[in-house]
Amino acid sequence: MTLLKKRGCTGCQPAGEPLAGEGKASPDPLFFPKRHASYAGILIAFLAVTFVAGGHIDFSFLDAAKDFPGGFVWFVGQFMPNAKAFDQMGKIASALAMTILDAIAAGTLAAVIAFILAVIASRVSGVGGPVQMVIRAFATVLRNIPTVAWIARLDRAIVKSTDLMIGVD
């Protein structure tokens, strides 16, 4: 028979039975309503912040709702490639290939460096002490660099593609 041990209790009792002094073993009947109430609270807080921010920048949610079909038509019209976009397809493909190759090179280099540092920082290697702490701190910083680098790369790509679309060279 499997035994469960309650923290702070020196005795054990069979698994599946309620712990001593706790009555029947069932979930809290208010657990789910509490969870739904917390979700509703988060939703209400989010909507309140959205409306306050919209009022701060003079954004009219009612006008936006009325003009939704027009905005959707504008989005589809801007999303569909036009003749100018097809003329730039060579540059776009080249930039895409460069981005993919950059990602492969950066990932491979990062994997090699991470492996070497992981071996040095492991407890098994015996280096220990401050070297382990420095390497772990360095690895923590490096974990965040790809995110920042890809955001910067994406930002440059968007600016460059926008310049291409409007004819800035």
Side-chain angles (χ1 to χ4, degrees), residues 7 27 31-32 34-169:
R7 290 183 192 196
F31 174 74
F32 292 108
K34 285 179 187 176
R35 184 169 58 175
H36 291 303
S38 66
Y39 290 158
I42 291 170
L43 178 64
I44 290 169
F46 176 75
L47 290 174
V49 168
T50 301
F51 279 102
V52 168
H56 180 69
I57 61 170
D58 296 327
F59 178 77
S60 171
F61 290 98
L62 186 59
D63 290 341
K66 287 180 190 174
D67 196 35
F68 178 76
F72 186 73
V73 168
W74 175 85
F75 171 75
V76 170
Q78 296 298 317
F79 186 73
M80 295 296 170
N82 55 17
K84 195 171 200 174
F86 284 115
D87 291 342
Q88 301 295 329
M89 198 57 74
K91 290 181 182 179
I92 293 170
S94 173
L96 179 63
M98 183 82 87
T99 302
I100 291 170
L101 291 175
D102 285 348
I104 291 170
T108 304
L109 181 63
V112 170
I113 292 172
F115 179 74
I116 292 168
L117 291 177
V119 169
I120 294 171
S122 71
R123 292 186 183 113
V124 177
S125 68
V127 175
V131 174
Q132 270 185 336
M133 289 179 15
V134 168
I135 291 175
R136 288 182 181 175
F138 181 65
T140 301
V141 170
L142 287 183
R143 270 188 228 116
N144 295 312
I145 288 177
T147 304
V148 175
W150 282 112
I151 289 172
R153 177 83 179 180
L154 179 63
D155 183 51
R156 284 188 302 166
I158 289 172
V159 169
K160 190 171 185 173
S161 67
T162 305
D163 291 345
L164 288 173
M165 293 298 169
I166 61 174
V168 177
D169 288 325

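- Rounded to the nearest 0.5 Å, atoms CD1 (Ile120) and CD1 (Ile116) are 7.0 Å apart.
- Between atom CG of residue Leu47 and atom CZ of residue Phe61 there is a gap of 9.0 Å, rounded to the nearest 0.5 Å.
- Using cut-offs of 30° and 60° for the angle between ring planes, the Phe79 and Phe75 rings count as parallel.
- Scanning all heavy atoms of the two residues, the minimum distance from Ile135 to Leu117 falls at CG2-O, 3.7 Å.
- No side-chain donor-acceptor contact under 3.5 Å links Ser94 to the backbone of Gly90.
- None of Gln88, Lys84, Met89 except one satisfies the side-chain contact (heavy atoms from CB on, under 4.5 Å) rule with Phe86; the exception is Met89.
- One distance of note links CG of Leu101 with CG of Leu96; it measures 9.5 Å at 0.5 Å rounding.
- Considering all non-hydrogen atoms of both residues, Ala64 and Phe59 come closest at CB-CZ, 3.5 Å.
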